[in-house]
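Structure record follows, encoded as structure tokens.
Each residue takes its place number in the sequence, starting with 1.
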Amino acid sequence: MMEENIKDLNILIVDDNVDNLVFLEQLFRRKGYRNIMTIADSRNVLPYIGKADPDIILLDIMMPYIDGYEILRSIRGLMDSSVFLPVVVLTAVTDRKAREQTLKDGATDFLTKPLDAVEVILRVGNLLRTRYMYKQHLEYSKLLESAVLHRTRELAANNQALEKVNQVLDETNIEIADRLAEAAEYRDDATGKHTFRVGAISALIAAELGFSTDFIALVDKAARLHDLGKIGIPDAILLKPGKLTEDEFDVMKQHCVIGAKVLSGGHSELLEMAERIALSHHEHWDGNGYPNGLQAKAIPIEARIVSVVDVFDALTHPRPYKDAWAQQDAVDYIKSHKDRQFDGKVVDAFLSVLEKHRGEIDFIDMDVGPEHRQEEE
């Protein structure tokens with residue numbers, strides 16, 4: 001059902017080369033996409049975006065009149081930073097600094113010319129799935145707010161009934177979170193266990209640190225969505241059996257931003273925490289992480305907790321590009337990066353949890369996405 005709905009999303013292709021426009025439009029139509037707009041004159045792009053509602057933009061960089069860099073910056077300037085609108089840059093430029101600048105300007109991904117049909121379909125398809133989920137999330141939020149407001153007005157005089165409405169709201173948010181976590185898991189984990197293990201162990205650490213029962217319950221659910229943004233990462237990178245190149249790792253880093261944008265706009269404590277975790281679980285205590293280079297307590301505590309669990313999980317589970325580490329080796333890694341990559345207090349709590357619950361949780365039988373391979377190597 002979702003795959004069929006994705007075919008109705010709006011694709012905008014901008015390129016001054018008419019041959020490229022024809023190639024891409026025919027390619028997408030053969031794959032069943034129905035709403036495709038092509039623009040050859042870059043001066044018409046921003047007026048079109050102002051009137052229409054594209055779900056993805058394929059943007060050439062080197063064009064007369066207005067180049068792709070200026071268009072990209074203008075697009076991002078027109079919308080709120082929480083909006084997830086994927087922009088895929090079409091370029092023959094392979095210079096790393098140029099690509100880094102384009103990512104900073106708001107590009108979501110790159111397609112290198114000459115274009116490869118299979119790569120185009122895979123990358124655009126992945127980003128459209130993420131865009132579709134983002135729009136569904138916004139729709140769910142609006143419907144939920146409307147329903148709760150209507151029901152609250154009806155039952156405002158009855159405190160007991162109002163409590164039931166809040167309970168329904170909480171249960172609905174949890175259901176949405178679980179569905180999103182399952183969708184993210186689908187990309188690279190056949191077992192379906194990883195997100196739930198990360199949530200459960202993160203909750204144990206939160207308890208060890210002395211947080212409230214409510215906070216612990218939120219962490220359990222919200223941590224499951226830490227890698228939601230993997231949905232927007234191309235399979236060729238996400239599932240690559242070898243070490244990522246620097247350019248590929250730059251794309252991989254975007255899963256934090258993508259996940260946060262998909263989760264943004266929610267008004268429940270659960271979705272707000274999930275957004276913070278998705279964005280910041282790869283930040284480092286010493287400021288050398290990504291995507292924003294946050295340092296120490298500027299990193300949300302829930303993200304600091306998930307960071308430790310997620311990396312430990314990656315190390316102790318076999319992946320296509322590496323064998324599983326022995327648990328003690330993984331523990332040594334975590335210890336050696338205490339107060340550098342990880343919050344020292346969180347590391348201490350994790351080690352305490354590992355010791356207390358050794359017989360209750362199989363810390364080795366966990367899965368994780370390939371974005372950790374650079375950290376391991």
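Once rounded to the nearest 0.5 Å, the distance linking CG of Leu59 with CG of Leu12 reads 8.5 Å. Atom CD1 of residue Ile205 and atom CD1 of residue Ile216 lie 11.5 Å apart, to the nearest 0.5 angstrom. The CD1 atom of Ile237 sits 7.0 Å away from atom OG1 of Thr245, with the distance rounded to the nearest 0.5 Å. Taking CG from Asn20 and OG1 from Thr38, the interatomic distance works out to 11.5 Å, rounded to the nearest 0.5 Å. Here the straight-line distance linking atom CG of Leu244 with atom CE of Met252 works out to 5.5 Å at 0.5 Å rounding. Of the inter-residue distances, the one linking Ile71 atom CD1 with Ile75 atom CD1 reads 6.5 Å to the nearest 0.5 angstrom.
When atom types are taken as modelled, the side chain of Arg76 and the backbone of Leu72 share no donor-acceptor pair closer than 3.5 angstrom. Between the side chain of Asp313 and the backbone N or O of Val309, no donor-acceptor pair lies under 3.5 Å. The closest donor-acceptor contact from the side chain of Ser336 to the backbone of Tyr333 lies under 3.5 Å. A side-chain donor-acceptor contact under 3.5 Å links Asp67 to the backbone of Glu70. Side-chain N or O atoms of Asp55 include none that pairs as donor or acceptor with a backbone N or O of Leu9 at under 3.5 Å. Gln254 places no side-chain N or O within donor-acceptor distance of the main-chain N or O of Asp109, the cut-off being under 3.5 Å. The main-chain N or O of Met63 is never found under 3.5 Å from a side-chain atom of Ser42 such that the two would form a donor-acceptor pair. With Asn35 contributing its side chain and Asp8 its backbone, the two residues share a donor-acceptor pair below 3.5 Å.
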Residue pair Phe28, Val124: steps toward the side-chain contact (heavy atoms from CB on, under 4.5 Å) verdict: CA-CA 10 Å; Phe28 287 126; Val124 171; 3.8 Å; yes
Glu119 and Leu111: CA distance, side-chain angles, deciding distance, side-chain contact (heavy atoms from CB on, under 4.5 Å) verdict: CA-CA 8 Å; Glu119 183 181 22; Leu111 284 169; 3.8 Å; yes
side-chain contact (heavy atoms from CB on, under 4.5 Å) assessment of Ile305 paired with Leu209: CA-CA 10 Å; Ile305 292 171; Leu209 289 168; 4.0 Å; yes
Stepwise salt bridge (Lys or Arg N to Asp or Glu O under 4.0 Å) check, Asp15 with Lys113: CA-CA 12 Å; Asp15 197 321; Lys113 294 182 177 181; 3.1 Å; yes
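A donor-acceptor contact under 3.5 angstrom links the side chains of Arg129 and Asn126, judged on distance only. In this model, no donor atom of one side chain and acceptor atom of the other lie less than 3.5 Å apart for Tyr69 and Asp105. Under the 3.5 Å distance criterion, with hydrogens and angles disregarded, no donor-acceptor pair is assigned to the side chains of Glu275 and Ser264.
Considering Asp250, Thr91, Thr112 as possible partners of Arg99, the one that fulfils the side-chain hydrogen bond (donor to acceptor under 3.5 Å, both in side chains) test is Thr112. Of the residues Lys338, Arg304, His284, the one that meets the side-chain hydrogen bond (donor to acceptor under 3.5 Å, both in side chains) test with Asp343 is Arg304.
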Identify all side-chain donor-acceptor contacts of residues 294-302 below 3.5 Å with residues at least two apart in sequence or on another chain.
{"from": "Glu302", "atom 1": "OE2", "to": "Arg276", "atom 2": "NE", "distance (Å)": "2.5"}
{"from": "Glu302", "atom 1": "OE2", "to": "Arg276", "atom 2": "NH2", "distance (Å)": "2.8"}

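Connection of Leu279 to Leu271 is not established within any shared hydrophobic cluster, with ILVMFWY side chains joined at heavy-atom distances below 4.5 Å, either directly or through further cluster members.
The pair Lys356-Glu208 counts as a salt bridge, with a side-chain nitrogen and a carboxylate oxygen less than 4.0 angstrom apart. The residues Arg131 and Asp53 are annotated as salt-bridged, a charged nitrogen and a carboxylate oxygen being separated by less than 4.0 angstrom.
The aromatic ring centroids of His282 and His255 lie less than 6.0 Å from each other.
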